[in-house]
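Notes to accompany the following structure.
Fair warning: this is a prediction, and the values are worked out from it, not measured in the lab.
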Amino acid sequence: MKTNKIILSAALLGLALSSCTDLDVDIDSQYTQMPGTESAVNANMNDLFTRFRGTLGRRYMEATCLSSDEYTSLSYSGNWVDGYTYAHSAYHNYNYEDAVLDWMEDLGKANVLASEIANSSYPEQNRYEARVMRAFHTFLEMDMWGDVPIADGDYVTEHKLDPNNRHPRAEVAKYIEKELLEIIAADKLSTDVFGEYYGKPTKYMAQALLVKLYINWPVYTADAVENYDAASYNNEKLDDCIALCDELIKSGKFALGPDEYRFKFNWDNTERVKAGTIKDFIYAMEYDTSTAQGMQWGRSHSYKDIKKLDPSMFGEFLNNSGGAYMAVTPECVSRFNLKGDQRNWMIFGLEDKNHNPANGQVYVYDTKTLLPTDVKCLDRNGNSLVFSKDINVTGELASVDVGDNIEGWRQGYRSSKWFVCNNDYSNGRNQSNDVPIFRYADILLTKAEAMVRSGKSGSKDLFNQIRSYVGAPTLAADPTLDDIYMERGREFFDELWRRNDMIRFGHYEDEWFPHYKNNPNANFEKTRRIFPIKKGDLDVNEGWSQNAGY
């Protein structure tokens, strides 16, 4: 291993290059020799596995959801404006000081630790796990910011890259591919997905990450982010993508069931995974309201006056208030239009328990079945709570101000997907819902997409597995790309992949509330497919330049 002497910034967005035995930096996470006791190894590995937990639990969710057509931000007569950080995302009018983007440093720190472990004397499996996590965190950075540092000193040296700067996105994509192919071929990772290694990097997690990289290959290897053109999508990796999907499918480890769709996202999904009734998760982040905190999606997704509802739409009284600064866009709601589709119940106000249109009427859901009951949810005045699909902005347009009153609070439908229970929510609004990052359902639909894009027949069966599982109408012929795009919008609603899909399919510059062309706050520049580098990161990395368009 080569030893590279570099200076790391305070934000740790420089590199942990190679052996990391001679660094001009005074940082607590840096070791001249990694502690090798069993307890130290376990602690460092757990730290690496969970570094993304806090960011995933809020800021990453906000950045990805609000910049897609799934969610809009809302403010309430000055409340939840927060420097316009949420509205900027909804409008694609990002600012390099927006709080929702303040987490590149977290991934940089994770990659420093991963590089130290990868080049340590730790057990071989731990070193390979560290490399997978480094590839995963680098993928997240690349997807969100384009050019990012490669924290592998040997690769940087071999390819004559500047160790003190960000590296071209296409080079980063090639690096991630090379790492994952080597890791998978070495066969050193666990294949125990739902037991001891649940929530940890496994062979199948590495394969699923490579599938994501391959299906987006033309996006990541375009000579400039704005030059990717979905209409002329040309992907040399489609056959490789299909082959990887086949390996995951043939492993026999995964299935869409047996639990019904809605239970996969409930507060008890950890227990269901370990009991073997959820087999869809290839890789997930574990959360617990007491021991693994940070998942607080219910706070932003719920109803602002939820503390005054007894019972709430979640079937019980919640003794903490709701932020409710995110609402489902009308365009997203309209996507849930398949007769009998169980996923329609993932949106409060869309359908009653018999799949009849609810026209915004919010029903109290049963805490055991997670289905709407006949009981109407009542607002603080004892009147039926009826959400408005079309959102009425009564105040400042720049902050999407709907007013801080009953009329304003009911603007926009809300997600029921990440079901909230009071026992969790009482503890600082922390939830116990594990968040799946890679699912088997995604492998099925990605293989179908790759087959359609490469002109292969037979994708209908893959597509219809998804439809049949949720009780939606099946197709009589192979799906079109538009069919797949719409289906991904239903299947992975509120799971943080919509922005990624929109860019690949060429819809990121479309119109949806409030990202309309007649809105002076909305931005439609293609450079907005990635985010600006935060001001703090630019300040401590003097050689870095801002992304184009900012």
Side-chain angles (χ1 to χ4, degrees), residues 11-17 51-52 55-56 59-60 63-64 67-68 94 101-112 114-115 131-153 155-156 159 161-183 201 205-206 208-228 235 237 241 283 437-438 496-504 508 526-534 537-538 541 544-550:
L12 288 180
L13 293 175
L15 308 175
L17 293 185
R51 278 292 179 102
F52 186 48
T55 296
L56 178 66
R59 293 306 193 190
Y60 181 81
T64 53
S67 60
S68 78
Y94 320 111
L101 303 178
D102 194 16
W103 47 272
M104 184 191 267
E105 176 183 355
D106 293 340
L107 299 184
K109 288 180 177 179
N111 280 347
V112 169
S115 294
R131 289 175 65 182
V132 175
M133 295 308 296
R134 184 173 62 187
F136 173 59
H137 294 140
T138 303
F139 172 88
L140 295 173
E141 288 183 299
M142 174 191 70
D143 183 64
M144 302 294 274
W145 284 289
D147 298 354
V148 295
I150 296 172
D152 183 330
Y155 188 91
V156 169
H159 291 79
L161 302 174
D162 180 357
N164 298 309
N165 212 332
R166 296 188 294 154
H167 302 126
R169 195 186 206 187
E171 188 67 50
V172 177
K174 293 172 186 175
Y175 163 72
I176 296 171
E177 179 193 28
K178 171 253 181 197
E179 271 290 273
L180 292 174
L181 288 174
E182 286 185 7
I183 292 165
M205 180 269 205
L209 176 57
L210 190 51
V211 166
K212 279 290 181 189
L213 180 72
Y214 279 161
I215 198 65
N216 288 289
W217 193 256
V219 178
Y220 298 144
T221 57
D223 58 0
V225 64
E226 64 271 25
N227 289 342
Y228 168 71
N235 190 346
K237 302 294 185 180
C241 183
Y283 177 63
I437 296 171
F438 302 128
L496 314 184
W497 285 114
R498 185 63 176 174
R499 168 189 164 273
N500 183 279
D501 290 344
M502 294 183 77
I503 294 170
R504 182 172 73 258
Y508 200 59
K526 293 179 181 179
T527 52
R528 302 298 161 129
R529 294 170 179 173
I530 55 174
F531 299 107
I533 304 295
K534 278 284 290 184
D537 296 332
L538 289 174
N541 292 280
W544 288 21
S545 58
Q546 185 56 272
N547 282 333
Y550 294 102

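Looking at His167, its side chain does come within 3.5 Å of a backbone N or O of Ile150 through a donor-acceptor pair.
Of the candidates Glu226, Arg169, Met144, Arg169 is the only one forming a side chain to side chain contact (heavy atoms under 4.5 Å, CB included) with Ile530. For the salt bridge (charged side-chain N to carboxylate O under 4.0 Å, His left out) criterion with Asp143, the lone passing option out of Arg504, Lys212, Arg499 is Arg499. Screening Arg131, Arg134, Lys178, His159 for a side chain to side chain donor-acceptor pair (under 3.5 Å) involving Asp152 leaves a single residue, Arg134.
The pair Glu105-Lys534 does not meet the salt-bridge criterion, since no charged nitrogen lies less than 4.0 angstrom from a carboxylate oxygen. Salt-bridge formation is not detected for the pair Asp501/Arg498: no Lys NZ or Arg NE/NH1/NH2 atom is positioned less than 4.0 Å from an Asp or Glu carboxylate oxygen.
Side-chain atoms of Val172 and Glu141, non-hydrogen and from C-beta on, never get closer than 4.5 Å to each other. Residues Asp106 and Phe52 fail the side-chain proximity criterion, which asks for heavy atoms closer than 4.5 Å. Looking only at side-chain heavy atoms (C-beta outward), Tyr228 and Arg529 come within less than 4.5 Å of each other. With a 4.5 Å cut-off on side-chain heavy atoms, Cys241 and Trp217 do not count as touching. Residues Leu140 and Tyr60 form a side-chain contact, since some pair of their non-hydrogen atoms from C-beta on lies under 4.5 Å apart. Side-chain contact between Ile533 and Arg166 is present, with at least one heavy-atom pair separated by less than 4.5 Å. Residues Lys174 and Tyr155 are in side-chain contact: their nearest non-hydrogen atoms beyond the backbone lie under 4.5 Å apart.
Separating the CG atom in Leu56 from the CH2 atom in Trp103 is a distance of 9.5 Å, to the nearest 0.5 Å. Here the CG atom belonging to Asn500 is positioned 11.0 Å from the OG atom belonging to Ser68, to the nearest 0.5 angstrom. Atoms CZ and CD1, from Arg528 and Ile503 in turn, are 13.0 Å apart once rounded to the nearest 0.5 Å. Of the inter-residue distances, the one linking Asn165 atom CG with Asp147 atom CG reads 8.5 Å to the nearest 0.5 angstrom. For the atom pair Phe136 CZ and Met205 CE, the distance stands at 5.5 Å (nearest 0.5 Å). From Ile176, atom CD1 reaches atom CD of Glu171 across 11.0 Å, with rounding to the nearest 0.5 Å.
Heavy atoms only, all atoms of each residue included: Pro532 and Tyr94 are closest at CD-CB, 3.6 Å. The minimum heavy-atom distance linking Thr221 with Ala173 is given by the pair CG2-CB, 4.3 Å. Contact record, Asn235 with Ile215: ND2-O, 3.8 Å, taken as the closest heavy-atom pair. Taking each heavy atom of Thr138 and Pro149 in turn, the nearest pair found is CG2-O, 4.2 Å. Smallest separation of non-hydrogen atoms from Ala135 and Leu209: C-CD2, 4.1 Å. Ser115 and Ala151 make their closest contact through OG-O, 2.6 Å (heavy atoms, listed as atom of the first residue, atom of the second, distance).
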Hey, mind stepping through Thr527 and Asn547 against side-chain hydrogen bond (donor to acceptor under 3.5 Å, both in side chains) and telling me if it holds?
CA-CA 8 Å; Thr527 52; Asn547 282 333; over 6 Å; no

Under the side chain to side chain contact (heavy atoms under 4.5 Å, CB included) criterion, do Leu181 and Leu210 qualify, and how do the steps go?
CA-CA 8 Å; Leu181 288 174; Leu210 190 51; 3.7 Å; yes

Test side chain to side chain contact (heavy atoms under 4.5 Å, CB included) on Leu213 and Glu177 and set out the steps.
CA-CA 8 Å; Leu213 180 72; Glu177 179 193 28; 3.8 Å; yes

